[in-house]
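In this text, all values refer to a predicted model and were calculated from it rather than measured experimentally. Letters go in sequence order (proteins before strands), and every chain restarts at 1.
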Amino acid sequence: MNKYDSLNEAQREAVTTTEGPLLCLAGAGSGKTRMITHRIAYLIEECQVDPWNIMAITFTNKAAGEMRERVDQLVGMGSESIWVTTFHSSCVRILRRYIDRLGYDNRFTIYDTDDSMSVMKDICKSLQIDTKMLKERAILSAISTAKNENISCTEYAMGAQGDFQKQKISRAYTEYQDRLRKNNALDFDDLLMKTVELFTTCPEVLQAYQRRFQYIMVDEYQDTNTVQFMLIKQLAGSKHNLCVVGDDDQSIYKFRGANIRNILDFEQYFPEAKVVKLERNYRSTQNILNAANAVISNNRGRKEKQLWTEQEGGALLHFRQFDTAYEEAEFLADDICRKRRKGILDYGDCAVLYRTNAQSRLIEERLVVEGVPYLLVGGQNFYARREIKDILAYLKTIDNGQDDLAVRRIINVPKRGIGATTIVRIQEYAAAHDMSFFDALCEADRIDTIGRSAAKLKPFVLMIQALRTKLREGFHVDELIREVIDTTGYVRELEASDEEDARDRIGNIDELISKAVAYEDTHNESSLSEFLEEVALVAEVDNVNDDNRVLIMTLHSAKGLEFDHVYLAGMEDGVFPGSMAIYDDNPAELEEERRLAYVGITRAKKELTLTSAKQRMVRGETQYNDVSRFVREIPQELLDNRPLGTRSLNDYGSDGYEENSFGGRGFGSGFGKNSFESSSGGSSDSTGGMSAASFVERYEQQERERQGRTGAGEQSGRSGTGAADYRRRWQQGRVYGDNVFDLKKPKGNAGDSRLKEVYGIGNAVKTARPLFGAGSGIQTGASMSGTGGVDYGVGDRVRHMKYGDGTVLKLEKEPKDYKVTVSFDGAGTKIMYAGFAKLKKL
DNA sequence: CGTACTAGTCTTTTT
DNA sequence: GACTAGTACG
């Protein structure tokens with residue numbers, strides 16, 4: 001009767017296989033974390049392994065924290081000496097100790113994506129790279145890809161020979177590394193790569209860690225990239241006491257370098273490896289699992305497994321298709337409220353998941369209207385916000401002046417009258433004398449090119465120096481932040497500004513101070529450098545708390561989480577799977593999307609609801625999307641509503657559907673003609689589709705009414721004149737539902753070819769604009785009419801999506817917009833722009 | 001040097 | 001639609 005008896009057979013096998021390489025294929029919800037924590041306990045209790053010799057690596061701080069907690073509970077004494085961390089923080093810890101052996105200062109700073117971007121922009125300017133042809137983003141992503149494969153800039157240069165484009169990237173890569181080194185900075189990828197480099201060039205360091213980490217466990221192994229694999233291999237040394245746990249079906253981070261081969265080929269790398277599959281699911285109902293299994297079985301490159309559970313049956317999966325994304329959002333909020341009233345669920349049991357962050361806005365708006373408490377996960381990282389980055393840049397500059405980027409960020413924030421030209425001059429001076437930007441600032445009076453601006457620099461330098469003195473006097477991080485705010489007047493400036501989100505920004509700064517206090521409380525020997533470092537590696541998912549709130553987030557963020565009730569919104573071809581994946585020549589792209597769908601479905605414990613919209617605004621353009629192929633890949637008997645023949649125009653086009661599928665690649669089962677034939681009539685309600693004939697009938701009816709009302713020909717120059725014309729247009733993909741569309745003028749050549757493709761495919765994304773304005777049917781929610789009026793006046797009651805209800809105090813006409821002053825019942829008085837605030841009259 | 005307006009880009013996902 | 005970099009002007 002011990003703690004291992006509660007494990008199932010497969011789990012027990014994984015737990016007790018302690019020596020040699022072990023690949024544990026753990027399906028979703030199969031008790032993976034449980035297995036790992038028990039394995040750690042087993043190593044310590046049954047195999048007399050010193051906790052000191054155990055290492056568990058995860059990807060997110062949150063996962064690490066959870067594992068830490070569970071290990072502590074299970075193991076008790078001595079558990080604190082187990083390394084339970086993320087890849088990135090492990091590397092930081094190692095590099096802080098040894099990176100001087102690679103010629104870096106041990107007090108290096110860590111650059112986030114934004115920092116890298118600013119560096120790259122500079123580089124493109126100085127190397128005269130035409131960023132129209134080759135975007136900074138593209139260069140950075142090429143560099144990142146290279147780094148994830150452990151390709152240094154020197155190696156990259158060798159591979160770039162004969163390729164003009166690659167040579168440019170190569171030069172930028174070299175320069176980028178150079179600048180980072182000068183700034184004593186590492187980017188995220190460097191953390192891993194430099195650690196591998198350290199281990200390669202300093203075998204004695206590696207040996208020390210190998211001696212320490214005799215038992216290594218890696219969670220979410222399917223997300224590892226090549227460098228991470230190299231790192232693990234190095235650490236595992238010759239003993240290979242390496243246990244990797246993962247699920248190839250949940251590999252969804254290819255875009256950031258995850259190499260799915262790491263898991264698929266594990267047995268080739270370690271021929272002596274043992275493989276254990278955890279296929280019993282403790283999370284979801286059989287219906288949900290069947291759906292997940294069916295969808296994922298459409299992927300080719302995978303390790304075969306079938307999840308099963310003892311929870312027979314369960315509720316049918318729900319599917320709803322709506323006319324617009326607005327209605328979809330409305331349904332989501334309503335459904336949650338309704339089920340809550342019935343006592344089926346509480347807010348905290350639900351999550352709404354979507355493919356892209358952009359989709360969150362509508363859902364948020366609707367939840368606010370319905371008064372549903374929610375927590376948005378993701379979007380912009382807290383530490384990436386402008387005001388936070390500004391304050392952190394001050395702290396960095398105080399900590400050490402070596403980070404040019406940080407100094408340049410704050411030199412004129414708040415405004416000190418120091419302009420771009422002055423900054424360039426200082427930079428030139430710094431470069432010429434091979435010194436840091438801040439050091440150049442200190443001797444500003446010697447820079448003759450800046451003339452009278454030098455006087456403005458001095459107070460800045462003095463201020464930083466004064467703050468440094470405070471730091472040396474032992475100021476805590478939070479005190480230092482307050483000091484920065486005070487002396488710079490940062491918050492005062494925000495308070496005075498009429499920026500709409502000034503209050504939010506101040507709130508964020510308060511939040512930062514709280515985090516600093518919390519940091520001080522949890523660290524006996526706190527240091528500014530350490531605080532900055534912790535902060536650099538925090539991702540938003542790490543902050544998910546468990547209040548009773550509906551969580552809304554991307555599918556990516558949801559990995560590793562579970563909820564009783566899951567809503568997958570935006571189940572549309574073109575949204576999910578995204579059009580990028582659909583159009584890509586490489587079928588692997590679509591498989592990655594499908595894995596994402598698998599992840600989404602398997603988050604649900606009890607009920608799963610899939611929703612889609614026929615019409616949705618994407619990047620300012622209206623898209624018309626078919627139901628996601630992933631919905632169609634679910635066995636139809638598992639759904640309470642089937643995706644009926646939706647608007648697959650080619651189903652009725654003269655070419656027929658089959659020949660028109662994308663490049664001949666197959667769709668999942670049940671997709672295509674059959675879906676029409678199997679849809680018995682009578683259900684063309686909000687979830688159903690409509691036959692071509694009835695479309696035309698409806699059009700003819702409308703056309704008769706229109707002509708009778710306004711006289712013929714009013715719009716005929718653009719819209720065509722009759723049913724025959726309509727039918728023709730409809731078959732071309734230019735007519736949709738009640739509306740007639742004109743395909744938007746392609747921008748440039750790329751757009752042109754894309755559109756041709758759209759024509760050919762017919763049932764995917766159709767970028768279109770309504771010709772009959774009123775037909776678009778989209779409520780923007782804004783009270784501004786097109787020409788700049790508002791439908792409310794002074795004294796009226798209005799509603800704001802964030803601040804709630806309030807009374808309009810003042811209305812001022814500005815050239816382009818109205819400036820509205822509203823006294824909100826709960827949020828005080830705010831001045832905002834009408835077009836932006838989207839106030840709704842009550 | 002700072003502001004106000006314009007044009008272009010963006011969206012996949014993030015440690 | 002929203003944001004940002006770039007430009008023209010005060």
Note to self: Taking A/E364 first and then A/R361, would you say they form a salt bridge - that is, a charged N and a carboxylate O separated by under 4.0 Å?
What the structure shows: no
Note to self: Measure CE/A/M117 against P/B/dT11 and give the value in whole Å, please.
What the structure shows: 9 Å
Checklist line | Polar side chain donor-acceptor pair, A/D190 to A/Y111, under 3.5 angstrom | finding: no
Check: Is it true that A/Y354 and A/H556 have ring centroids separated by less than 6.0 Å?
Finding: no
Notebook entry, point to check: Do A/D248 and A/Q222 have side-chain atoms, one donor and one acceptor, less than 3.5 Å apart?
Noted result: no
Check: Under a 4.0 Å N-O cut-off, is there an ion pair linking A/D187 with A/K147?
Finding: yes
Notebook entry, point to check: Please give, in whole Å, the distance from B/dT12 C1' to A/L590 CG?
Noted result: 14 Å
Item checked: Gap in Å between the two C1' atoms, one belonging to B/dT11 and one to C/dG6, rounded -> 22 Å
Notebook entry, point to check: Rounded to the Å, how far apart are A/F229 CZ and B/dT15 P?
Noted result: 24 Å
Checklist line | A/F255 aromatic ring stacked with six-membered ring of B/dT13, 5.5 Å and 30° | finding: yes
Next item on the list: Please list, by residue number, the residues of residues 185-196 of chain A whose heavy atoms come closer than 4.0 Å to an atom of DNA chain B; answer none if no residue qualifies.
Entry: A/F188
Item checked: Between B/dC1 (P) and A/R416 (CZ): distance, integer Å -> 15 Å
Check: Once you round it to whole Å, what is the distance between P of B/dT13 and CG of A/L376?
Finding: 12 Å
Notebook entry, point to check: Quick one: A/R137 CZ to B/dT13 P, roughly how many Å, whole number?
Noted result: 9 Å
Note to self: Checking contacts here: which listed nucleotide (B/dT11, B/dG2, B/dT14) is nearest the side-chain heavy atoms of A/K415?
What the structure shows: B/dG2
Notebook entry, point to check: Between A/R355 and A/E593, does at least one N-O distance fall below 4.0 Å, as a salt bridge requires?
Noted result: yes
